[in-house]
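Residue numbering restarts at 1 for every chain, and letters A, B, ... go by the order of the sequence lines. All heavy atoms count here, side chains included; hydrogens, waters and symmetry mates do not.
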Amino acid sequence: MSERYDAQAVEARWQAAWEEAGLFRATLSGARPTYYVLEMFPYPSGRIHMGHVRNYTMGDVVARYKRARGFDVLHPMGWDAFGLPAENAAFERGVHPAEWTYGNIATMRGQLKMMGLSIDWEREFATCHPGYYAHQQALFLDFFEAGLVERKEAWVNWDPVDRTVLANEQVVDGRGWRSGAPVEKRRLAQWFLRITRYADELLEALDALPRWPDKVRLMQRNWIGRSEGARILFPVEGRDEALEVFTTRPDTLFGASFCALSPNHPLATALAASDPALAAFIDECNLAGIGERDIEAAGKRGHDTGLRVRHPFAAERTLPLYVANFVLMDYGTGAIFGCPAHDQRDLDFARSQGLPVIPVVCPPGEDADAVEIGDVAYVGDGTAINSDFLNGLAVEDAKASAVAALAERGLGGSAVSYRLRDWGISRQRYWGCPIPMVLCESCGVVPVPREELPVRLPEDVTFDKPGNPLDRHPTWKHTTCPRCGGAAVRSTDTMDTFVDSSWYFARFCAARADVPLPAPEVEPWLPVDQYIGGIEHAVLHLLYSRFFTKALKLCGHVAIEEPFSGLFTQGMVCHETYRDAEGRWYYPDEVETRAGRLVAREDGRPVTAGRSEAMSKSKRNTVDPEAIIEAYGADTARLFMLSDSPPERDLEWTDTGVKGAWRYVAAFWRMVASPPVALPPPGAGAPAQGTLAPPLRALRRSIHRTVAGVTEDLERFRFNRAVARVRTLTNELSAIEDTPGAGPVMREGLETAVRLLGPIVPHLAEEAWRCLGHESWLAQEPWPEPDPALLADDVVVVAVQVDGRKRATISLPADHDKAEAEEAAMAEGGVRRALAGREVRKVIVVPGRIVNVVT
RNA sequence: GCGGUCGUGGCGGAAUUGGUAGACGCGCUAGCCUCAGGAGCUAGUGGGGGCAACCCCGUGGAGGUUCGAGUCCUCUCGACCGCACCA
């Protein structure tokens with residue numbers, strides 16, 4: 001008996017050998033087709049987690065599989081290395097963000113290498129390195145020149161204690177996450193990328209991404225939120241201006257009973273200057289929490305400006321103009337007309353203000369005179385009533401007529417509005433890519449000359465005070481204006497880290513090039529053939545990358561339309577949670593079972609197991625990948641990651657499941673190291689089917705069917721099924737009898753299984769390949785091809801039903817006809833018994849599938 | 001509220017896409033073996049009935065279409081996810 005499989009030694013040996021041989025270097029042979037597989041690169045938080053293991057295992061399976069299929073494969077890795085946690089570490093522990101980040105990268109690189117990933121490490125980069133962000137600044141200038149960059153005032157979350165702008169996710173219950181101070185809405189000058197310019201393109205191109213999950217495309221569609229409607233002008237009484245409003249329901253215009261402005265609408269601001277009560281109301285709205293819950297709690301409130309606007313279709317009709325808390329400034333025009341009868345929000349507001357409710361759409365089949373609106377607005381289809389020239393028209397026709405009439409009067413026309421807003425990329429932080437712009441008192445906004453790039457982050461910064469270290473650095477921001485030569489200041493904003501991740505996929509094609517994206521190196525690889533990552537990036541990262549690709553194309557950097565032609569979103573890795581009576585969380589390795597009860601390992605206090613949830617530090621339900629790899633080896637971890645659940649679904653991490661994966665690894669090794677039958681030497685070729693005994697013939701068919709099945713499963717990302725198939729084959733091989741001819745079949749079976757396992761458990765497979773007497777790299781061996789002649793059985797088993805219930809199975813030649821099947825079915829005892837005393841009315845025969853006898 | 005996904009043994013899941021439900025694995029049961037290991041081997045394992053051959057029930061629930069439904073349709077219950085005053 002051979003000794004136990006020593007995963008750690010085997011894995012370390014092959015990892016070193018692969019690296020030394022440079023097997024995974026991505027090269028453009030020109031002769032083979034290219035394939036670019038990419039997993040979302042990690043944030044260097046400190047250590048890899050199980051989500052990374054799952055993500056990178058899947059990507060590695062694809063990379064190794066495609067290599068075996070004859071592709072030149074690009075499979076790179078890098079680091080999404082800018083971001084706030086590095087600054088928090090600096091603030092809390094006094095370590096410089098760069099030092100913290102590069103230290104984490106070193107640790108995590110080592111951990112990833114332990115996984116045996118077939119990555120081209122020569123292309124590795126970190127986005128915080130000037131060699132990367134220098135090019136990002138150049139791209140920013142290109143975008144600026146192309147008119148895609150804009151500096152404008154925007155409402156932001158301002159933390160008055162930390163003196164910084166906060167992202168929405170850093171505002172918890174209306175307070176800054178670190179200072180705890182109530183966040184204010186402030187208007188500040190910010191840098192924006194004009195993603196809205198591409199709103200329609202980004203929307204329409206979703207249809208050209210068939211290899212993206214429907215769910216993601218739908219989420220992006222909703223995020224862009226295109227809606228068609230009308231722009232309407234309401235002349236303001238006593239003022240020489242008109243209020244512009246966007247609506248999707250111009251057909252309900254005759255039901256209007258008020259207009260309302262957002263608290264931040266310019267007209268509201270202007271009116272507030274001479275109306276202290278209004279000013280107070282607006283302040284109140286801006287101070288109120290920005291969370292939806294807060295708004296819900298506040299209810300619909302408004303302040304009557306005293307102004308009245310004229311109805312565009314009936315000059316004699318005027319409507320009150322309010323400022324209302326529920327009107328959003330960043331959607332449409334920041335002002336609405338309210339038709340309470342057919343919009344729930346307007347109805348709520350109208351009821352609270354005592355405004356009239358005029359039904360103007362009659363639901364189908366109802367009497368126009370009897371239409372009444374209670375507490376629920378009618379938003380459905382119907383026929384226009386109480387609407388002058390629109391009366392009798394269906395909703396869609398009424399919309400068209402209303403728009404035409406508005407255009408005729410010069411009081412509006414059709415319009416499209418989007419939920420998508422321009423991308424504010426300014427962050428008042430240190431650890432990010434500096435925005436290469438200078439602000440000059442006389443010249444305004446001036447780009448930094450290209451020869452001065454990169455604008456480097458200063459290293460001598462302090463984090464002991466709140467606010468932006470770049471802004472308070474003694475010298476860094478002071479510079480001269482590139483245009484007039486006068487004193488000027490640099491923009492002290494850095495870029496949102498989503499900018500960094502919006503083009504890294506392209507940079508991997510030419511990671512060290514001295515221009516951002518040299519076409520000869522970049523074009524053969526792009527777009528990414530298969531992108532893999534978490535669903536949490538369904539909108540932002542993936543939408544920004546799509547926008548960036550269009551912008552890069554506009555500026556001549558790439559020729560592609562879309563960054564990722566295939567996208568796969570994997571599920572999360574979950575684990576049970578453990579808490580004691582006081583609500584304290586415990587890590588899985590801090591609890592154990594004693595006398596059938598879960599207790600804390602340390603003090604034996606009882607612990608209850610809660611539901612399985614996504615692994616997170618806060619719930620302490622994480623399992624450290626490195627510990628698993630040290631205990632069982634990377635192959636076991638990889639196998640488990642793939643085998644227990646479909647990849648798009650959440651995976652429940654269980655210790656027993658991991659042990660099961662380990663058992664398979666060890667058992668497979670045992671079978672290869674000491675096979676149950678003697679193997680002929682390698683290279684003898686496939687055994688001749690005709691000479692074999694029936695069980696060996698069947699086994700060979702099974703081998704070739706497994707190849708076909710696993711191939712299809714891998715192509716379709718059904719890794720769990722692929723694993724199940726190889727396990728089935730392994731079970732069959734281990735049951736082989738020592739009969740004449742068994743040796744060659746066993747060799748064929750083992751070699752096939754090893755090749756099929758290559759992408760999944762690469763170290764075990766490589767070791768087994770050598771053990772079987774080969775001297776080549778399994779990692780470079782071609783994928784097996786099934787023999788088509790062996791895919792079809794010569795005998796098939798067909799179920800026989802009587803009135804739809806299975807009564808027997810019959811064996812038939814594979815090429816049987818209907819009559820044959822019917823005859824065999826009728827002869828079957830179970831069928832005859834079930835038919836006793838009944839009259840056969842019909843027999844349905846689907847050859848190879850089923851016989852159904854109907855009585 | 002709007003949009004979406006999903007409900008299959010004790011558990012994770014499979015089912016040639018309308019054709020033998022429960023592959024593969026975990027767990028469990030019984031037995032064997034042993035240099036007592038993170039073992040290994042054999043058999044069994046949806047529920048119920050029967051000595052047995054077999055029979056009945058069974059894919060969240062209720063209907064429907066069909067020779068035939070886990071799969072399609074309608075309603076319903078439940079879980080999860082995304083968006084959320086988007087005019």
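Within the 4.0 angstrom heavy-atom criterion, no nucleotide atom of any strand lies near A/S417. Among the protein residues, A/R727 comes within range of the sugar-phosphate backbone only, with heavy atoms under 4.0 Å from sugar or phosphate atoms but none that close to a base. As judged by a 4.0 angstrom heavy-atom cut-off over every strand, A/N731 is placed among residues touching the sugar-phosphate backbone only. In this structure, A/L328 reaches the bases: a heavy-atom distance under 4.0 Å links it to at least one base atom across the strands shown. A/R718 comes within 4.0 angstrom of a base, heavy atoms only. Within the 4.0 angstrom heavy-atom criterion, only backbone atoms of the sugar-phosphate kind lie near A/R807; the bases stay farther away. In this structure, A/F337 reaches neither bases nor backbone, as no heavy-atom distance under 4.0 Å exists between it and the strands shown. Among the atoms of the strands shown, only primed sugar atoms or phosphate atoms (P, OP1, OP2) are found under 4.0 Å from some heavy atom of A/R663. Across all strands, A/A631 comes closer than 4.0 Å to base atoms (heavy-atom distances).
One finds no side-chain N or O of A/R221 lying less than 4.0 angstrom from the OP1 or OP2 phosphate oxygen of B/C83.
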Might you list the N or O atoms of the protein lying below 3.5 Å from N or O atoms in nucleotides 57-59 of chain B, with each pair's distance?
{"unit_1": "B/C57", "atom_1": "OP2", "unit_2": "A/R805", "atom_2": "NH2", "d": "2.2"}

Close N or O pairs between protein and nucleotides 45-50 of chain B (under 3.5 Å):
none

For nucleotides 10-12 of chain B, list the nitrogen or oxygen atoms of the protein found under 3.5 Å from its nitrogen or oxygen atoms, one pair per line.
{"unit_1": "B/G12", "atom_1": "O2'", "unit_2": "A/D644", "atom_2": "O", "d": "2.6"}
{"unit_1": "B/G12", "atom_1": "O2'", "unit_2": "A/S645", "atom_2": "OG", "d": "3.1"}

Dump every N/O contact between nucleotides 67-72 of chain B and the protein below 3.5 Å, one line per pair.
{"unit_1": "B/C67", "atom_1": "O2'", "unit_2": "A/N852", "atom_2": "ND2", "d": "3.1"}
{"unit_1": "B/C67", "atom_1": "O2", "unit_2": "A/N852", "atom_2": "ND2", "d": "2.6"}

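Ring geometry, A/H537 versus A/H541: the interplanar angle exceeds 60°, so the pair is classed perpendicular (tilted spans 30 to 60°).
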Secondary-structure notation, RNA chain B, from Watson-Crick and G-U pairs under 3.5 angstrom (| other strand): (((((((..(((......[....)))((((((.......))))))((((....))))..(((((..]....))))))))))))....

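With respect to A/R841 and A/D803, no salt bridge is recorded, no charged nitrogen being found less than 4.0 Å from a carboxylate O.
Closest contact between the side chain of A/R849 and the listed nucleotides B/U17, B/C54, B/G3 involves B/U17. In the set B/A87, B/C83, B/C26, B/C83 carries the atom at the smallest distance from any side-chain atom of A/W223. Closest approach to the A/N720 side chain among B/C85, B/G13, B/G19 is made by B/G13 (side chain taken as heavy atoms from C-beta onward).
Toward the 5' end of RNA chain B, the nearer of the two residues A/V539 and A/K806, judged by each one's closest nucleotide, is A/K806.
Listed by chain and number, the residues in a side-chain contact (heavy atoms from CB on, under 4.5 Å) with A/Q8 are A/D6 (sequence neighbours excluded). Taking the side chain to side chain donor-acceptor pair (under 3.5 Å) definition, one finds that A/R649 meets it with nothing, sequence neighbours left out. Applying the ring pair (Phe, Tyr, Trp, His ring centres under 6.0 Å) rule to A/Y418 yields no partners; only residues at least two apart in sequence or on another chain are considered. Qualifying salt bridge (charged side-chain N to carboxylate O under 4.0 Å, His left out) partners for A/D346, counting only residues two or more places apart in sequence or in other chains: none.
Shown here, B/G9 is classed syn by the O4'-C1'-N9-C4 or O4'-C1'-N1-C2 angle, which is within 90° of 0.
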With a cut-off of 3.5 Å and sequence neighbours excluded, list every side-chain donor-acceptor pair involving residues 331-338 of chain A.
{"unit_1": "A/Y331", "atom_1": "OH", "unit_2": "A/S227", "atom_2": "OG", "d": "2.8"}
{"unit_1": "A/T333", "atom_1": "OG1", "unit_2": "A/E244", "atom_2": "O", "d": "2.6"}
{"unit_1": "A/T333", "atom_1": "OG1", "unit_2": "A/A335", "atom_2": "N", "d": "3.4"}
{"unit_1": "A/T333", "atom_1": "OG1", "unit_2": "A/A335", "atom_2": "O", "d": "3.4"}

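Looking at A/Y632, its side chain comes within 3.5 Å of the base of B/G38 through a donor and an acceptor atom.
Pairs of residues two or more places apart, or lying in two chains, that qualify as side chain to side chain donor-acceptor pair (under 3.5 Å) and include a residue from residues 630-639 of chain A are A/D60-A/R638, A/D635-A/H763. Here side chain to side chain donor-acceptor pair (under 3.5 Å) pairs that include residues 804-819 of chain A, with residues two or more places apart or in two chains, number zero.
Both tests do not hold together for A/K300 against A/F349: distance to the six-membered ring centre under 6.0 Å, angle to the ring axis within 45°.
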